[in-house]
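Some notes on the structure that comes next.
Note that the structure is predicted; figures quoted are calculated from it, not measured.
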Amino acid sequence: MTAAQLGAALATLRSRVAGVSLPIDLPGTADQRRNAHELVRQLDDYVLPRLATLEAPLLTVVGGSTGAGKSTLVNTLVGRTVTTPGVIRPTTKSPVLIHHPDDEHWFSDERILPTLIRSRVASHDQSSLQLVAEPSLPPGLAVLDAPDFDSVDERNRELATELLQAADLWLFVTSAARYADAVPWEFLQQAVQRRAAVAVVLDRVPPAAMTDVPTHLGQMMTERGLGDSALFAVPETATDAEGLLPDAAVSPIRTWLATLAADERSRQAVVMQTLTGAIDSIGPRVSSLAAATDDQVEALESLRQDARSAYAEAARQVAVQSADGTLLRGEVLGRWHELVGTGEFMRALDQRISWLRDRVWGTLVGKPPEVDKMKVAVENGLEALVREEGQAAAERAEAAWRATPAGRSLLARHAAAHGRDELTRASREFPGKVARAIRDWQGDVVELVAEEGMDKRSRARLLAFGVNGAGVALMVTIFAYTGGLTGAEIGVAGGTSVLAQRLLEGIIGDDAVRALAERAKADLDARIETLMSTELARFEAVLAEAGVADDQAAALRESAAAVERAHVEGFDHERAITADTTTARRMNPARTPAALGSSTSEPVVTVSQVAASPAEVVDGELVEHRDGDDR
């Protein structure tokens, strides 16, 4: 497998990471969103372009904390002012990339840092990258002056991070007064985690502290995994009229960088160390991102089940209450009594049911208004029950969601997107849908009775009783179908149901009544489930709006595994060797061969020797023209 195939695997991974959706605010989600963003940026700004152009110049990014002297160091290394130190903090300016004129084509296009606009002049536009061609800089080396990573300007901090991620080599500048600050070490720890090549410049070291401070910093670097990194100590000294340090102050750094650039093997070793470290760091970062997507899917599924349970309970309640006699009260019971009369019938029900049926048939004939009123009463009762349960389901589902961070996050996003929070109640269309469903069900019940009662034996009685009346009687029978009545309900609702059932049995027979009741009840339950499903769909739509694909975690892991295989099986590891004696000595000059690879080794401090009288050594914090944001 070739580097091109590795690049293809990384490009696929990049696309999948960019497409990851983490919309739900769970613990750690903000960190993983940032992780995904930084992964994409590092792949775009460094890994993919560097892998495609391994022969490109070594890009050294000079980064550091406010007031460390980065711009002054860069200008002195070049020998003239190419990047202007700021006087007012925070300095807002475009980053400056200095390169040899022969290397211009490597940086004029969007090979690296594609989001930054190329410019030939200095500006205060943080979205541009100023390119400066400098003949004094050796070919094969480019130096980029980055903003302060601890700037009070958030965009400056973000830009500094972006630029450091695009570096082959971090030239980290700190001062004797601030080298132990926490923020610089947070950035250096990122370099350790990604095995990036790092060199540290300790600037503005008072002569009296030239022994103790660099030694202490070297110990800190070793403790934090930077024992093989170069460490340069630059004494505090005055600048000349152009704001440059004495040449001797930076000559060790200049020589070291020029040596790396001139020696192809050393340059490639630095590139491969950082590139390989960056690629190796991708797997764990993708793994944590995939775990975060799993958490999102799990949270969504939990919310989905909460909503489904709420509406399943609503359908169950309607199914129970439409068969346990609950509806045989109030208006429904009153209309039934008006239709058939009760006292006389209830007293004679057990002894004279046949005679009673004849009386009822005779009573019902010619009473279509009462039948219609009964149908309306049934319709109203059922509608009220279904609407009440639909509203209760919405309240239960919304409350269940609001009780969890994930649910609150989704509800807030939905309310913001739609300008309202309509999930707390049943939809505006729900009452109309319920009314239509109940009317349609009643019509089907009447048709069932008509179809069943049209044989020769029952036709005459059905016509005498009335099809609508028989349909109403079947509805009444269904409303106490489960036989779950107790106490006084047995005498009222239960007796009412038994009367209706006996009337129908006289028309179409016992077995037919039971079969019709089961069919009609099943049809009613199915219609209610459909109604509740349409209401549930509102919650399902909110879940869908989140845009979390169930398979995105698997896709991430698959891509990460493909990258790892390509990296292990096919990449030219001969070019990735950075631990050989020559390279290690140049990464940490003056390191003896015996010290190479030692886990207890410390950075060898290269101290700049500046011939200066005591009067020329000044305190940088008191010199106004050196008090810039990035100097």
Side-chain angles (χ1 to χ4, degrees), residues 19-26 29 33 292-322 326-327 379-442 444 522-553:
V20 165
S21 176
L22 301 173
I24 305 175
D25 293 326
L26 301 174
T29 297
R33 289 176 185 145
T293 64
D294 281 334
D295 292 341
Q296 296 273 314
V297 171
E298 183 178 340
L300 286 176
E301 184 58 29
S302 178
L303 295 175
R304 179 175 287 106
Q305 291 304 321
D306 286 340
R308 287 178 177 176
S309 295
Y311 283 97
E313 175 61 15
R316 190 191 70 83
Q317 284 291 338
V318 173
V320 170
Q321 295 183 57
S322 61
T326 299
L327 291 175
E379 180 180 337
N380 291 340
L382 265 177
E383 283 186 36
L385 173 61
V386 176
R387 287 198 303 267
E388 179 182 345
E389 292 300 329
Q391 176 61 32
E395 293 173 357
R396 284 194 299 269
E398 196 271 347
W401 282 23
R402 199 165 292 281
T404 67
R408 288 193 295 272
S409 176
L410 278 189
L411 289 172
R413 284 167 51 92
H414 181 73
H418 297 274
R420 61 186 185 280
D421 187 10
E422 78 279 9
L423 295 179
T424 57
R425 62 188 66 85
S427 68
R428 289 176 293 179
E429 300 82 9
F430 187 57
K433 292 179 179 179
V434 172
R436 286 193 297 273
I438 299 305
R439 286 196 299 271
D440 291 345
W441 175 74
Q442 287 181 313
D444 287 350
D523 183 31
L524 175 62
D525 292 345
R527 292 174 189 270
I528 301 306
E529 289 178 2
T530 299
L531 285 170
M532 296 305 174
S533 294
T534 62
E535 290 294 284
L536 171 63
R538 299 183 304 147
F539 288 85
E540 297 276 9
V542 174
L543 296 174
E545 287 173 1
V548 178
D550 292 346
D551 60 349
Q552 65 179 354

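- The only option from Val548, Thr293, Asp295 that meets the side-chain contact (heavy atoms from CB on, under 4.5 Å) definition with Leu22 turns out to be Thr293.
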With side-chain contact (heavy atoms from CB on, under 4.5 Å) as the test, would you mind laying out the steps for Tyr311 and Glu389 before giving the verdict? CA-CA 8 Å; Tyr311 283 97; Glu389 292 300 329; over 6 Å; no
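- By the side-chain contact (heavy atoms from CB on, under 4.5 Å) test, Asp525 pairs with Ala319, Ser322, Lys521, sequence neighbours left out.
- Under 4.0 Å is where a charged nitrogen must lie from a carboxylate oxygen, and between Lys433 and Glu429 no such pair does.
- Taken to the nearest 0.5 Å, the CG atom of Asp440 stands 12.0 Å off from the CG atom of Leu524.
- In terms of heavy atoms, Arg387 sits closest to Phe430 at CA-CE2, 3.7 Å.
- In this structure a side-chain-to-backbone donor-acceptor pair under 3.5 Å is missing from Arg402 to Arg408.
- Residues Thr424 and Glu395 approach most closely at O-CG, 3.7 Å, considering heavy atoms.
- Annotation: the span from Arg439 atom CZ to Glu383 atom CD amounts to 7.0 Å, rounded to 0.5 Å.
- Among residues two or more places apart in sequence or in another chain, the side-chain contact (heavy atoms from CB on, under 4.5 Å) test is passed with Arg308 by Arg304, Gln305, Leu536, Glu540.
- Considering every non-hydrogen atom in both Ala549 and Val297, the closest pair reads O-CG2, 3.9 Å.
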side-chain contact (heavy atoms from CB on, under 4.5 Å) between Asp444 and Arg527, intermediate numbers included: CA-CA 12 Å; Asp444 287 350; Arg527 292 174 189 270; 2.2 Å; yes
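- Phe539 approaches Leu423 most closely through the heavy-atom pair CZ-O, 3.6 Å.
- Rounded to the nearest 0.5 Å, atoms OG (Ser427) and CD (Gln391) are 10.0 Å apart.
- For Arg425 and Glu422, the salt-bridge test fails: no basic side-chain N is under 4.0 Å from an acidic carboxylate O.
- Taking each heavy atom of Ala299 and Ala406 in turn, the nearest pair found is CB-CB, 3.9 Å.
- For the pair Ser533 (side chain) and Glu529 (backbone), a donor-acceptor distance under 3.5 Å is present.
- One finds a salt bridge joining Asp25 and Arg33 here, because a Lys/Arg side-chain nitrogen approaches an Asp/Glu carboxylate oxygen to under 4.0 Å.
- With hydrogens and angles disregarded, a donor-acceptor distance shorter than 3.5 Å links the side chain of Ser21 to the backbone of Ala546.
- Listed for the Thr29 side chain is a donor-acceptor partner under 3.5 Å among the backbone atoms of Ile24.
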Which is it for Leu410 and Glu545 under the side-chain contact (heavy atoms from CB on, under 4.5 Å) test, yes or no, and what are the steps along the way? CA-CA 9 Å; Leu410 278 189; Glu545 287 173 1; over 6 Å; no
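- Annotation: the span from Ile528 atom CD1 to Leu382 atom CG amounts to 7.0 Å, rounded to 0.5 Å.
- Leu303 contributes atom CG, which lies 11.0 Å from atom CD of Glu298 (distance to the nearest 0.5 angstrom).
- One N or O on the side chain of Thr530 and one on the backbone of Ala526 form a donor-acceptor pair closer than 3.5 Å.
- In this structure, Gln552 and Val20 approach most closely via the heavy-atom pair OE1-CA, 3.6 Å.
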Could you check Leu531 against Val318 for side-chain contact (heavy atoms from CB on, under 4.5 Å), going step by step and ending with a plain yes or no? CA-CA 11 Å; Leu531 285 170; Val318 173; over 6 Å; no
